[in-house]
Amino acid sequence: KKARHSRSAIAYYAENDDIQQLRELRIIDSLPKGLQRNQVYMVYQAKQDIATGRCFQVEALMRWEHDELGVISPGEFIPLAEYAGMIDLVSQWALDQVLAQQAKWRAAGIQLCVAVNLSTRDLDSETLPQEIAARLAYYQLPPESLMIEITESTLMADLTKAVETLDKIRALGVRLAIDDFGTGHSSLAYLKHLPVNEVKIDKAFLKDLEQDKPSEYILEASINIAKKLGYEVTVEGIETLEIRDRLVAMGVDTLQGMYYAKPMRAAELEMNWAKLHHI
Ligand code: C2E
Ligand code: MG
Ligand code: MG
Ligand code: MG
């Protein structure tokens with residue numbers, strides 16, 4: 001004990017860095033196995049259409065139950081996969097998973113649009129649009145049954161290449177959303193260069209909404225401008241009725257968050273479908 005106290009702060013932090021690096025290496029190293037062995041799976045979070053109160057769309061979110069490290073969140077392993085040059089593997093898996101599930105739902109009479117999160121890195125691939133088209137054809141799915149969400153902050157970093165790929169994906173009829181809007185440095189005016197259908201405003205905006213008037217005005221103005229530019233506006237991370245009602249008053253089209261539905265395994269979503277879709 002005494003030895004530990006006498007060690008310098010630098011040594012302490014260096015040791016923690018090592019532990020952290022070791023964890024990251026293990027995550028990167030075990031990712032392909034995790035994907036192959038079904039440790040990784042998708043959960044689906046319903047979005048609510050405000051005009052009708054019904055669910056027409058779900059977002060696929062990745063989960064990983066690692067055999068030694070326990071549950072690892074996508075917030076941790078996705079950036080590592082990007083860093084390690086393995087995001088392609090993850091995204092191919094995600095597209096396969098989501099479209100196979102989508103085909104099963106269609107066959108069972110469940111008609112919805114599934115959104116999948118892709119990385120801005122994926123947009124570097126010249127073959128991505130063809131790969132998406134080939135999968136839609138394979139599963140005999142209409143293109144508008146797929147939505148792709150791309151995070152704003154990373155998209156803006158390398159725009160020219162990304163827009164080219166996004167244009168091709170959009171031309172297929174696949175829907176596009178800008179995710180986590182407001183966390184990057186782009187302005188709303190910049191959106192007009194992007195071929196997107198939907199803007200998803202980041203949940204960070206909701207944090208100060210209770211006490212902070214300026215945040216409320218910024219949020220309301222962002223929603224108005226995005227709608228005037230012709231985008232559908234979704235707000236993510238709605239946790240309470242109070243926040244939900246205020247956002248509805250601000251004119252959002254779609255809401256997503258724990259208040260409405262938590263992310264669920266496919267089977268659980270099916271059990272809740274009649275309720276979510278108001279059949
Ligand atoms: P995102 O796409 O912005 O997803 C929203 C996150 O908010 C999800 O976290 C979701 O579980 C969480 N969330 C949902 N409802 C609420 C709520 O009411 N309150 C709060 N505070 N949070 C809520 P999750 O699942 O941990 O995913 C984190 C991020 O990881 C995602 O952010 C997305 O950027 C990325 N991600 C998830 N799945 C994938 C994937 O398959 N591929 C890629 N490339 N990225 C993914
Ligand atoms: Mg998303
Ligand atoms: Mg988001
Ligand atoms: Mg987010």
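Note that this is a predicted model, so its numbers are computed, not measured.
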Spell out, as yes or no, whether a donor-acceptor pair under 3.5 Å connects the side chain of [X] to the backbone of [Y].
| X | Y | answer |
| --- | --- | --- |
| Gln39 | Trp64 | no |
| Arg246 | Leu209 | yes |
| Ser125 | Leu128 | yes |
| Tyr231 | Ile178 | no |
| Asp49 | Thr52 | yes |
| Gln45 | Ala261 | yes |

* Asked: Where do Val90 and Met62 land on the side-chain contact (heavy atoms from CB on, under 4.5 Å) test, with the steps shown first?
  -> CA-CA 10 Å; Val90 174; Met62 213 175 267; 3.5 Å; yes

* **Thr151/Leu155 under side-chain contact (heavy atoms from CB on, under 4.5 Å): CA gap, chis, key distance, verdict** => CA-CA 6 Å; Thr151 299; Leu155 181 60; over 6 Å; no

* To do: Look at the rings of Trp273 and His277 and say which category their plane angle falls in: under 30° parallel, 30 to 60° tilted, over 60° perpendicular.
  =>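 Aromatic pair Trp273/His277 classed parallel.
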
* What residue pairs, at least two apart or across chains, pass ring-ring contact (aromatic ring centres under 6.0 Å, His included) with a residue in residues 101-157? ->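 Listed by first then second residue: Tyr44-Trp105.
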
* Mind running side-chain contact (heavy atoms from CB on, under 4.5 Å) on Ile218 and Ser222 for me, showing each step along the way? => CA-CA 6 Å; Ile218 292 166; Ser222 304; 4.1 Å; yes

Identify the two heavy atoms, one from [X] and one from [Y], that lie closest to each other, and give their separation to 0.1 Å.
| X | Y | result |
| --- | --- | --- |
| Pro143 | Leu136 | CA-CD1, 3.9 Å |
| Glu152 | Gly182 | OE1-N, 3.4 Å |
| Leu176 | Ile169 | CD2-CG2, 4.0 Å |
| Glu149 | Lys47 | OE2-NZ, 3.2 Å |
| Arg54 | Tyr260 | C-OH, 4.1 Å |
| Asp180 | Thr183 | O-OG1, 2.6 Å |

Taking the side chain as every heavy atom from C-beta outward, state whether [X] and [Y] have any pair of such atoms under 4.5 Å apart.
| X | Y | answer |
| --- | --- | --- |
| Leu255 | Val248 | yes |
| Arg170 | Asn197 | yes |
| Ser119 | Asp122 | yes |
| Arg63 | Ser73 | no |
| Thr234 | Asp253 | no |
| Arg121 | Asp124 | yes |
| Leu123 | Leu118 | no |
| Gln20 | Asn16 | no |

* Asked: Just wondering, more than 12 heavy atoms not from Lys161 lying within 6.0 Å of its NZ?
  ->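 Yes, enclosed.
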
* Mark yes when over 12 heavy atoms from residues, nucleotides or ligands other than Glu126 sit less than 6.0 Å from its CD; otherwise mark no. =>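 Counting neighbours around CD of Glu126, 12 or fewer heavy atoms of other residues, nucleotides or ligands fall under 6.0 Å, so no.
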
* Asked: Are a donor atom and an acceptor atom from the side chains of Arg135 and Gln92 found within less than 3.5 Å of each other?
  ->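 Distance-only check passes for Arg135 and Gln92.
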
* **Among Lys203, Glu236, Glu59, the one residue meeting side-chain hydrogen bond (donor to acceptor under 3.5 Å, both in side chains) with Gln256** =>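 The residue from Lys203, Glu236, Glu59 that satisfies side-chain hydrogen bond (donor to acceptor under 3.5 Å, both in side chains) with Gln256 turns out to be Glu59.
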
Same cluster or not: are [X] and [Y] linked, directly or through other Ile, Leu, Val, Met, Phe, Trp or Tyr residues, by side-chain heavy atoms under 4.5 angstrom apart?
| X | Y | value |
| --- | --- | --- |
| Phe56 | Leu276 | no |
| Ile150 | Met147 | no |
| Leu80 | Leu25 | no |

* **Apart from Tyr41 itself, residues in the same hydrophobic cluster as defined by side-chain heavy atoms under 4.5 Å** =>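 ILVMFWY cluster around Tyr41 also holds Val43, Leu61.
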
* Assess whether side-chain contact (heavy atoms from CB on, under 4.5 Å) is satisfied between Val163 and His193, documenting all intermediate values. => CA-CA 8 Å; Val163 170; His193 300 291; 5.6 Å; no

